[in-house]
Structures are given as structure tokens and as C-alpha cells.
Amino acid sequence: EVQLQASGGGLVQAGGSLRLSCAAFGFTFDNLNIAWFRQAPGKEREGVSCISASDGSTYYADSVKGRFTIASDDAKTAVYLQMNSLKPEETAVYHCAAGSQPCVNIDSDTFYYSMDYWGKGTLVTVSS
């Protein structure tokens with residue numbers, strides 16, 4: 001079965017860190033771009049970060065630059081999102097997805113709805 005599995009969410013205090021994982025089962029990321037999105041209740045969806053599995057180029061939303069790091073493993077079956085200095089307002093469900101649209105388009109609806117594979121969300125709760 002082809003699927004993505006996101007994990008690593010949990011409860012952390014403000015200023016703390018979490019590492020999210022997005023694992024592929026039944027396929028590899030070879031020529032795909034893998035993105036992390038987050039959505040909190042009552043807030044708009046936000047494209048957080050993206051990595052191109054083919055060349056390793058990365059994208060970060062301005063709100064997370066300098067604090068979050070995205071990386072893939074050598075086998076191109078997993079992508080990790082290291083989140084440091086977390087803020088309470090970053091409490092949300094985080095989803096990973098894989099598709100062929102360039103990461104630079106992460107904020108567009110076209111990018112979001114074009115993703116080919118989705119993982120179930122993982123909840124990140126940042127307490128103040």
C-alpha cells in the first residue's frame with residue numbers, strides 16, 4: 001500500500017523542540033517535493049516548509065526561518081522537520097504531503113491540491 005505516515009507530534013513547552021517525521025511506504029521520494037503544512041482551528045492553512053528530494057533544495061515560511069530545518073534521509077523514504085524555539089501560536093495539526101509542484105509554490109492552492117500523497121496529521125501542542 002502506498003502511503004505517507006507523519007509522526008512526532010506531541011506536547012511541548014514554549015521554547016522547546018520537536019522533530020516531525022514523514023515516512024513513505026510503498027514508494028520513494030525520488031523526484032517528488034515533500035512539504036509540511038499546518039492548520040490550527042480557526043486559522044488558515046500555512047505551508048511551513050518544503051524540500052526537493054531530487055536536489056535537496058529547501059523552502060521555509062518566513063515565520064519559521066531560522067528555527068525549523070527540513071531534511072530527507074539518503075534513501076529518500078523519510079523527511080524530517082526539526083522544530084526549535086516553538087511558540088504557542090504554532091499549535092496545530094501538521095501534515096506532510098508529496099507531489100511534483102515546485103516548493104516555491106507552496107502557498108498556492110494549486111500546490112496544495114496537486115499533492116499526490118498525504119499523511120495523516122500529527123498534532124503539535126505548544127504550551128505557554
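The first residue of the sequence shown is numbered 1, and numbering continues consecutively from there. Hydrogens, waters and symmetry mates play no part in the numbers below; they use all other heavy atoms, side chains included.
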Give me the atom names and distance for the closest heavy-atom approach of [X] to [Y].
X: Ala92; Y: Ala40; result: CB-N, 3.8 Å
X: Trp36; Y: Ser21; result: CH2-O, 3.5 Å
X: Phe111; Y: Ala35; result: CE2-CB, 3.8 Å

ring-ring contact (aromatic ring centres under 6.0 Å, His included) filter on Phe29, not counting sequence neighbours, yields Phe27
In short, disulfide (SG to SG under 2.5 Å) pairs touching residues 35-89 with sequence neighbours left out are Cys50-Cys103
Here the disulfide (SG to SG under 2.5 Å) pairs for residues 8-41, sequence neighbours left out, are Cys22-Cys96
Residues passing the salt bridge (Lys or Arg N to Asp or Glu O under 4.0 Å) test with Asp30, sequence neighbours excluded, are none
Contacts of Arg19 meeting salt bridge (Lys or Arg N to Asp or Glu O under 4.0 Å) (sequence neighbours excluded), chain-then-number -> none
Applying the 4.5 Å side-chain criterion to the ILVMFWY set and letting contacts propagate, would [X] and [Y] be lumped into a single cluster?
X: Val2; Y: Met115; answer: no
X: Val64; Y: Met83; answer: yes
X: Val79; Y: Tyr59; answer: no

Contacts of Tyr60 meeting side chain to side chain donor-acceptor pair (under 3.5 Å) (sequence neighbours excluded), chain-then-number -> none
Asn31 meets the side chain to side chain donor-acceptor pair (under 3.5 Å) criterion, sequence neighbours left out, with none
Taking only residues at least two apart or on different chains, which pairs with a member in [range] satisfy side chain to side chain donor-acceptor pair (under 3.5 Å)?
range: residues 68-93; result: Ser17-Asn84, Arg38-Glu90, Arg67-Glu90, Asp73-Thr77, Gln82-Asn84
range: residues 47-58; result: Asn33-Ser52, Ser52-Ser54, Ser52-Asp55, Asp55-Ser57
range: residues 117-128; result: none

When rounded to the nearest 0.5 Å, the distance separating CG of Leu81 from CD1 of Ile34 is 12.5 Å
Taken to the nearest 0.5 Å, the spacing of Phe37 CZ from His95 NE2 works out to 10.0 Å
For Leu123, the hydrophobic cluster (side chain heavy atoms closer than 4.5 Å, chained through members) also holds Val93
Self-check item: Phe68 and Leu86, any side-chain heavy atoms less than 4.5 Å apart
Solution: yes
The complete set of salt bridge (charged side-chain N to carboxylate O under 4.0 Å, His left out) pairs with one or both residues in residues 100-119, sequence neighbours excluded, reads Arg45-Asp109
* Short question: side chain of Gln101, backbone of Asn105 - any donor-acceptor pair under 3.5 Å? -> no
